[in-house]
Protein chains: 2
Amino acid sequence: MDAYGDLVPVDHDAETPLWLQLANILRTQIQSGQLQPGRIMPSETTLMQEHGLARGTVRKAIDALVDEGLVNKVQGRGTFVRASSS
Amino acid sequence: MDAYGDLVPVDHDAETPLWLQLANILRTQIQSGQLQPGRIMPSETTLMQEHGLARGTVRKAIDALVDEGLVNKVQGRGTFVRASSS
DNA sequence: GAGAATTTGTACGTATGTATG
DNA sequence: ACATACATACGTACAAATTCT
């Protein structure tokens, strides 16, 4: 029942930090159109569960995407994929 | 023996988040020349002790200054005031 | 409007890893 | 080898904003 798009688990033994791995996964999903402009992004809780990561790790990954201008967060609502670019 | 420049304690009851209060304090010290370009910034441990804050809170404050381009961090060495600007 | 549920924000604490001196 | 300093990652608790019932 796992949705496709979740077939890239993070690797706890890799050199790349877990938060970066997750950021990379999410960025790819955005750029590939799996996560479309306008709404969503799974909630922090969902991402924690799906990837087996702590809250802080998930937040750091998302914050990186915010810094890149790919998403924006709204307290009480969620994290949204930005309209933008090409 | 407290150095001047430490006379602005954070306020746990203020609306402004502690990490932002600390970032504001440090930014002021940089812009006023109390923290001069080239080297330094007290270590995270020092800032924790001087301001009575947790590590994560101190790091978030400093990360904000990094994003502003005011300082840069080097693992194993410390956090440095950037040469820069005006 | 009241209240519960959801979701992000802040803040704390702890442990271990990595880089530098 | 050792000490210092930043980096990563875990966990917990409560606050604030929004949404849904």
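Keep in mind it's a predicted model, so treat the numbers as computed, not measured. Every chain is numbered from 1, with letters handed out A, B, ... down the list of sequences.
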For the pair made of [atom1] in [X] and [atom2] in [N], what is the distance, rounded to whole Å?
X	N	atom1	atom2	result
B:Gln75	C:dT16	CD	P	18 Å
B:Leu18	C:dT10	CG	C1'	8 Å
B:Asp13	D:dA15	CG	P	13 Å
B:Arg77	D:dA3	CZ	C1'	17 Å
A:Leu47	C:dT7	CG	C1'	12 Å
B:Trp19	C:dT8	CH2	C1'	14 Å
A:Gln49	C:dT6	CD	P	11 Å
A:His12	D:dT8	NE2	C1'	12 Å

*asked:* Reading DNA chain D from 5' onward, which residue's closest nucleotide shows up sooner: A:Thr16 or B:Glu44?
replied: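 Its nearest nucleotide being more 5', the pick is B:Glu44.
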_Residue met sooner reading DNA chain D from 5', once A:Gly52 and B:Thr46 are mapped to nucleotides_ = B:Thr46
Can you figure out which of [options] approaches the side chain of [X] most closely?
X	options	answer
A:Arg59	C:dG9, C:dA11, C:dT20	C:dG9
B:Pro17	C:dC12, C:dT10, C:dG9	C:dT10
B:Ser43	C:dC12, D:dT8, D:dC6	D:dC6

Restricting to non-hydrogen atoms, name the atom on [X] and the atom on [Y] that form the minimum distance, rounded to 0.1 Å.
X	Y	result
A:Ile62	A:Val71	O-CG2, 4.2 Å
B:Pro42	B:Leu35	CD-CD2, 4.5 Å
A:Ser32	A:Gln29	OG-O, 3.2 Å

*Base paired to D:dA1 (Watson-Crick or G-U; both N/O distances under 3.5 angstrom)*: none
_Pair B:Arg27, B:Asn24 - check side-chain contact (heavy atoms from CB on, under 4.5 Å), show working._
CA-CA 5 Å; B:Arg27 190 185 310 105; B:Asn24 291 340; 2.9 Å; yes
*asked:* Base, sugar-phosphate or nothing for B:Gly56? Non-hydrogen atoms, less than 4.0 Å.
replied: nothing
Return no unless some side-chain N or O of [X] is found under 4.0 Å from OP1 or OP2 of [N].
X	N	result
B:Lys60	C:dA11	no
B:Thr45	D:dT4	no
B:Lys73	D:dA7	yes

_Result of checking B:Leu22, B:Leu18, B:Thr57 against B:His51 for side chain to side chain contact (heavy atoms under 4.5 Å, CB included)_ =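 The option that passes is B:Leu22.
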